[in-house]
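These numbers were taken from a predicted model, which means no experiment stands behind them. Note: hydrogens, waters and symmetry copies are ignored here, and every other heavy atom, side chains too, is used.
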Amino acid sequence: MISTKTPPLFDLSPEIAEAREWAHGFAEKYVRPVAAEYDEREEMPWAVIEEAIKVGV
């Protein structure tokens, strides 16, 4: 029988894994709640961009 699971191609280093988790957290807190609204209005989310700059994204 053929397995349908795809094996991981590589493991992330701890630093990269931490950065990935941090980026996902930032998106969850700041981007996702307002993304649809900005997309609908076709506007640049300046408040989100300013927050990203403040935290060093």
Point to revise | Where Y38 and P45 come nearest, the two heavy atoms and their spacing | key: CE2-CA, 3.4 Å
Practice item. Take atom CD of E28 as the centre, draw a 6.0 Å sphere, and report whether it contains more than 12 heavy atoms from other residues, nucleotides or ligands. Key: no
Point to revise | E43 atom CD, neighbour heavy-atom count above 12 within 6.0 Å | key: yes
Review point. How are the rings of F26 and W22 set to each other: parallel, tilted or perpendicular (split at 30° and 60°)?
Key: parallel
Exercise for review: Give the minimum heavy-atom separation between A27 and P33, together with the two atoms involved.
Suggested key: O-CD, 4.1 Å
Exercise for review: May I ask whether W46 and I53 are part of the same hydrophobic cluster, defined by side-chain heavy atoms of I, L, V, M, F, W, Y residues being less than 4.5 angstrom apart, directly or through others?
Suggested key: yes
Practice item. Just do the salt bridge (charged side-chain N to carboxylate O under 4.0 Å, His left out) check on K54 and E50 with the steps written out, would you? Key: CA-CA 6 Å; K54 276 197 273 184; E50 289 171 355; over 6 Å; no
Review point. Per the side chain to side chain contact (heavy atoms under 4.5 Å, CB included) rule, which among V48, V55, I49 passes with E51?
Key: V55
**Study point:** Non-hydrogen side-chain atoms of R32 and H24 separated by less than 4.5 Å
**Key:** yes
